[in-house]
Amino acid sequence: MDQTNIDPAAMGRLAKALNFICGPKHAATQAMQKAADSGSEPDAKRARTLFLKLKPGERRAAMTMLSD
């Protein structure tokens with residue numbers, strides 16, 4: 001498996017976007033915030049998995065909010 005660098009700041013911004021889109025109690029939002037806070041690889045992997053399980057429109061909206 002490739003080693004990827006996890007950027008906690010970017011994950012924090014993504015957590016804020018997910019908070020707006022999915023709400024603060026959504027599992028993906030909470031996992032992304034936890035990964036941003038801890039910066040650990042297992043937390044980042046879990047957050048990524050939950051992010052990929054979101055509906056395509058929710059993922060696209062979150063990524064669009066990051067690019068603005």
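Worth knowing before you read on, the calculation uses all heavy atoms, side chains too, and leaves out hydrogens, waters and symmetry mates.
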Would you say M11 and F51 make side-chain contact, with heavy atoms under 4.5 Å?
-> no
For residues 17-33, please give each side-chain donor-acceptor pair under 3.5 Å, one per line with the distance, not counting sequence neighbours.
{"residue": "H26", "atom": "ND1", "partner": "A28", "partner atom": "N", "Å": "3.0"}
{"residue": "T29", "atom": "OG1", "partner": "L18", "partner atom": "O", "Å": "3.4"}
{"residue": "T29", "atom": "OG1", "partner": "G23", "partner atom": "O", "Å": "3.1"}
{"residue": "Q33", "atom": "NE2", "partner": "D37", "partner atom": "OD1", "Å": "2.9"}

A36 versus G12, closest heavy-atom pair with distance = CB-N, 3.4 Å
If two hydrophobic side chains count as joined below 4.5 Å and joins carry through other members, does M63 share a cluster with L50?
-> no
Which residue pairs satisfy the side-chain hydrogen bond (donor to acceptor under 3.5 Å, both in side chains) criterion with at least one member in residues 48-66, sequence neighbours excluded?
-> none
Kindly compute the distance separating CG (D43) from NZ (K34), expressed to the nearest 0.5 Å.
-> 4.5 Å
